[in-house]
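The analysis underlying the following values was restricted to heavy atoms, covering all of them including side chains, and did not include hydrogens, waters or symmetry mates. Starting from 1, each residue takes its place in the sequence as its number. These numbers were taken from a predicted model, which means no experiment stands behind them.
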Amino acid sequence: MNARRILLELFDAALRSVDGRACTAQCLREVKLPGRVVAFAVGKAASAMTLGARDALGETIESMLVITKHGHGDPELMRVGALQLESSHPVPDDSSLAAGAELESRLAALPVDATPVFLVSGGSSSLIESLRDGVTLAELKSLNERGLAAGWDISTLNAQRAKLSRLKAGGVARLLAGRRAVALFISDVPLDDPDVIGSGLLGRNAGCIDRIERHIVANVDSAVRAVAEAAHVRGLELEARSTRFDGDVSAVAEEFLAALRATPADGLVWGGESTVKLPEIHGRGGRNTHLALAIARSLRPAEPWMILVAGTDGTDGPTSDAGALVDAGSISRAEIAGYDVERAFREFDSGSALEGAEDLLHTGPTGTNVGDILIGLKQTATSLRGHPRPRML
């Protein structure tokens, strides 16, 4: 078996361990829910989580509102009567406001004897919105664009969003007015804090009656463990880093390569999210392809490492790429294909250069979103030959 194929299988193991449908169903089978249930799902994994709720609760779910990213919906939900709205990510637009209005309307009309169940995953911040009085959509868009371009960390961005929003910073929790609810989260943030996930839609409010039962059903730590376990089954030992990576792409690339070169194991797996600072004019790419290209540029000739960098949601920023698999030959392959790699890196056109190298990874929507995964594998450890291209999972 080839090293690239092994990396793809390890990434697939990570995705299966945090699958939104399976993790949601498992949790809800253990939660006691009296009587009727009304489901609200928001995020990139909203459709998968709703299907998991159906698997666990069946006909006790009276209605389902599902708000997810364009292209991440599931036709199966339409057949079971869910209202599925596709919205904008990473920058909100009119569809985000329409989704917010639908949520507020349904919360106001909740039957007294129904238990609301919320299914929240990453991406919610952009997908659903209700603006404070006097705030315009243009102001909201500008804030998100500035924050993304400047590489703000999630806490800073969320604090700024909350100033404009009626739903962020516990806004949905406030609308419940102390009634009982259950909230399940697929976490893509440090410390798995419900006050941060989805800009804290179901976050806690000081001084308010709070009867929300909160559960984290999946996070990047689970995905990292799954990669290490899947490698072990294949006779490979990977070092699994316990801390999450964050911060600027270049710093993450440098730290990852240093750790990879130092490990006595066959490779290394690490989870987290990096940040990038975008120039006003930039090309195709996201934080994962930019990180992959940063690593590829720093690999020494003939170094044996092959590295997968990918988002667990199957998308990288505004692109349909999940990420990339790179090695010491990636730069040469991109240059042979006619790409100026240094220009691509400087102008954040990493996706184009890696497409030329035939190193991009495409999975499509995955039904989860716990952040990003970095896996480095020593090719000599697999005693393999050949160089097939990445394939769809």
Side-chain angles (χ1 to χ4, degrees), residues 20 40-50 64-75 77-78 82-106 118-132 135-152 154 157-158 160-169 171-172 186 188-189 196-202 273 275-276 278 280 282 284-288 311-322 351 364-369 371:
F40 301 90
V42 188
K44 294 179 186 176
S47 297
M49 294 183 80
T50 305
M64 295 167 280
L65 174 62
V66 184
I67 301 165
T68 193
K69 181 179 177 178
H70 289 296
H72 286 235
D74 193 309
L77 285 172
M78 309 298 287
L83 175 59
Q84 191 166 218
L85 305 177
E86 295 193 353
S87 186
S88 178
H89 185 276
V91 177
D93 63 11
D94 288 326
S95 65
S96 310
L97 298 182
E102 183 66 29
L103 175 67
E104 288 180 307
S105 174
R106 291 193 173 215
F118 295 90
L119 311 169
V120 182
S121 54
S124 301
S125 300
S126 172
L127 296 172
I128 187 167
E129 190 54 274
S130 179
L131 298 173
R132 294 184 183 273
V135 176
T136 67
L137 179 58
E139 289 175 307
L140 180 65
K141 284 185 174 182
S142 176
L143 169 66
N144 280 268
E145 289 167 348
R146 289 199 316 274
L148 292 170
W152 290 353
I154 190 65
L157 186 55
N158 282 351
Q160 295 302 313
R161 285 167 168 161
K163 296 177 181 179
L164 308 183
S165 172
R166 290 206 301 255
L167 298 180
K168 307 294 192 291
V172 174
I186 290 180
D188 64 338
V189 304
V196 179
I197 301 169
S199 289
L201 295 175
L202 273 296
E273 282 192 6
T275 58
V276 294
L278 295 174
E280 185 174 350
H282 55 84
R284 169 188 176 181
R287 63 176 182 258
N288 285 304
T312 55
D313 61 352
T315 58
D316 188 28
T319 76
S320 61
D321 312 317
T366 62
T368 192
N369 183 20

Hey, could you give me the [atom1]/[atom2] distance between [X] and [Y], rounded to the nearest 0.5 Å?
{"X": "K69", "Y": "S87", "atom1": "NZ", "atom2": "OG", "value": "11.0 Å"}
{"X": "D313", "Y": "D188", "atom1": "CG", "atom2": "CG", "value": "8.5 Å"}
{"X": "H70", "Y": "L85", "atom1": "NE2", "atom2": "CG", "value": "10.0 Å"}
{"X": "Q84", "Y": "L77", "atom1": "CD", "atom2": "CG", "value": "5.0 Å"}

Check: [Y] main-chain N/O paired with [X] side-chain donor or acceptor under 3.5 Å:
{"X": "S126", "Y": "G123", "value": "no"}
{"X": "D316", "Y": "R287", "value": "yes"}
{"X": "S124", "Y": "G198", "value": "no"}
{"X": "R161", "Y": "L140", "value": "no"}
{"X": "R166", "Y": "L131", "value": "yes"}
{"X": "S130", "Y": "G100", "value": "no"}
{"X": "S142", "Y": "A138", "value": "no"}
{"X": "S96", "Y": "E129", "value": "no"}

Going by atom types alone, do S95 and E86 pair a side-chain donor with an acceptor below 3.5 Å?
no

Residues at least two apart in sequence or cross-chain that pass side-chain hydrogen bond (donor to acceptor under 3.5 Å, both in side chains) with T275, listed by chain then number, are none

Who are the side-chain hydrogen bond (donor to acceptor under 3.5 Å, both in side chains) partners of S88, not counting sequence neighbours?
none

Which atoms form the tightest heavy-atom contact between [X] and [Y], and what is the distance?
{"X": "E273", "Y": "G371", "result": "OE2-CA, 3.6 Å"}
{"X": "L137", "Y": "P92", "result": "CD1-O, 4.3 Å"}
{"X": "P318", "Y": "G285", "result": "CD-O, 3.9 Å"}
{"X": "G367", "Y": "A48", "result": "O-CB, 3.5 Å"}
{"X": "G311", "Y": "N288", "result": "N-ND2, 3.4 Å"}
{"X": "L278", "Y": "H282", "result": "CD1-NE2, 3.9 Å"}

Please name the residue in the list L119, I128, L65 that meets the side-chain contact (heavy atoms from CB on, under 4.5 Å) test with F40.
L65

Given R284 and D321, is the salt bridge (charged side-chain N to carboxylate O under 4.0 Å, His left out) satisfied, shown in steps?
CA-CA 10 Å; R284 169 188 176 181; D321 312 317; 2.8 Å; yes

Given the rule in the side chain to side chain contact (heavy atoms under 4.5 Å, CB included) test, do L83 and R106 qualify, once you have shown the distances and angles that lead to the verdict?
CA-CA 11 Å; L83 175 59; R106 291 193 173 215; 3.3 Å; yes

Applying side chain to side chain contact (heavy atoms under 4.5 Å, CB included) to T315 and H89, what does each step give before you reach the verdict?
CA-CA 11 Å; T315 58; H89 185 276; 5.9 Å; no

With a 4.5 Å cut-off on side-chain heavy atoms, are [Y] and [X] touching?
{"X": "L202", "Y": "I197", "result": "no"}
{"X": "D74", "Y": "T68", "result": "no"}
{"X": "K163", "Y": "K168", "result": "no"}
{"X": "D93", "Y": "V91", "result": "no"}

